[in-house]
There are 2 protein chains.
Amino acid sequence: MSDKRVEAARIFKALCDPTRLAVLDQLRSGEKCACVIQEELFVGQSGLSYHMKVLCDSGLVTSRQEGKWTHYSLSSSGQEKAMALLEALTTPEPEAIPNCACSS
Amino acid sequence: MSDKRVEAARIFKALCDPTRLAVLDQLRSGEKCACVIQEELFVGQSGLSYHMKVLCDSGLVTSRQEGKWTHYSLSSSGQEKAMALLEALTTPEPEAIPNCACSS
DNA sequence: ACCTCATATCAAAAAGATTTGATGTATGGT
DNA sequence: ACCATACATCAAATCTTTTTGATATGAGGT
C-alpha cells in the first residue's frame, strides 16, 4: 500500500515540472536525443540531464544509447501504467457511501 | 500551451504527496468530512486543511459545506479531466518519427 | 595515447513545498 | 451575547526539489 504510494509519487512527480512537460511535448513528435531536446529549452546541460533522469525513473520515458548520444522516447508501457494508477487512485469503490455520517 | 502546463502541474502535484494519496484512498470509500479524515492520519488540523486545499484546487476533490462541517469527495469530472490530460501529455503524435536524426 | 564531444554526476545555492503553532472566521448551541 | 466546535489562514521553521557550475565518464576520431 505504502509502496504503491511511493511509486505513484515518483510517476506523478515527473509530471509536475514545466520543463519536463515541455520535454514530454517534444517527445510526442518522436524520439529525440538530449542535444536536440536542449536546443528548444531554457535549461543547462546538467539541468536537462537531471530532468531526463526524473522522467526515465518514472517509467514514462525510455532511453537508448547510440554511440555518444542518448535517445529518449515516450514509453507506451509507462503511459499505460500511469493511466491505470491514476484511475485506481481516483475511482470510488463500488460500495462507496454517498454521504459522510459525521454530522448526524 | 504554457497555461496547460501550469494546470497539469497543479493537477499532478496533488498526487505527489503520501498524505494526499492517503486522503484520496479514504475518499474512495465515500464522502468524508475533515475531522473523520484526520482521525486516520498523522497530520495536524492545519496540515490537513492545507492538503485538502491542494486537492480541491486540483479539481480531483470537491467540497461541500454543511453547517460547521466540510465534506470532501472524489470528483468524477476531475478524474476525467486528469485522465484526459495524462493521456494527451504522453501519447505520441500520429505522425511521430521513430528515430532521432541527430546522429546521422 | 590524446583530444573532443555528448552526457552524467556531484555539491552548493536557490526556489518551492510541507509542517507546525498561533490566530482568525463562521456556525450552532446555551 | 457568549462559548465551543470545525475549519481556514498566516508566518516561521524545516524539508525537498531544482538550478548552477565544476568535474567525471565514456565513445569516437586522429
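Protein chains get the first letters and strands the later ones, always in sequence-line order, with residue 1 at the start of each.
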Checklist entry - Does A/C16 offer a backbone N or O that forms a donor-acceptor pair with the side chain of B/R10 under 3.5 Å? => result no

Next on the checklist: Need one value for B/F42: base, sugar-phosphate or nothing, where a base atom within 4.0 Å counts as base even if backbone is also close, heavy atoms only.
Outcome noted: nothing

Checklist entry - Given side chains that start at C-beta, do those of B/D25 and A/R5 come closer than 4.5 Å, heavy atoms only? => result yes

Item to check | B/R64 CZ - C/dT27 P separation (whole Å) | outcome: 16 Å

Checklist entry - Taking OH from A/Y50 and P from C/dA11, how many angstroms apart are they, rounded to a whole number? => result 16 Å

Checklist outcome for this item: Here the distance between atom P of C/dT18 and atom CG of B/L21, to the nearest Å, is 11 Å

Checklist entry - So what does B/G67 hit on the nucleic acid, given a heavy-atom distance under 4.0 Å: a base, only sugar-phosphate, or nothing? => result sugar-phosphate

Next on the checklist: How many whole angstroms separate atom NZ of A/K53 from atom P of D/dT19?
Outcome noted: 16 Å

Checklist entry - Taking the side chain from A/T91 and the backbone from A/E87, do they hold a donor-acceptor pair closer than 3.5 Å? => result yes

Checklist entry - Within this structure, what is the CE-to-C1' distance between A/M52 and D/dT18, rounded to whole angstrom? => result 16 Å

Next on the checklist: At less than 4.0 Å, is any side-chain N or O atom of A/H51 found next to OP1 or OP2 of D/dT19? Yes or no.
Outcome noted: yes

Checklist entry - For B/D57 and D/dT9, what is the distance between atoms CG and P respectively, to the nearest whole Å? => result 10 Å

Next on the checklist: Nearest heavy atom decides the nucleotide; on that basis, is A/S46 or B/A34 closer to the 5' end of DNA chain D?
Outcome noted: B/A34

Checklist entry - Does the base of C/dA6 carry an N or O that pairs as donor and acceptor with the side chain of A/Q45 under 3.5 Å? => result no

Checklist entry - Start at the 5' end of DNA chain D and walk down; is the nucleotide closest to A/K68 or to A/K13 reached first? => result A/K13

Checklist entry - Within the side chain of A/R64, is there an N or O that forms a donor-acceptor pair under 3.5 Å with the backbone of A/H71? => result no

Next on the checklist: Between C1' on C/dA8 and CD on A/Q38, what's the gap in Å once rounded to a whole number?
Outcome noted: 13 Å

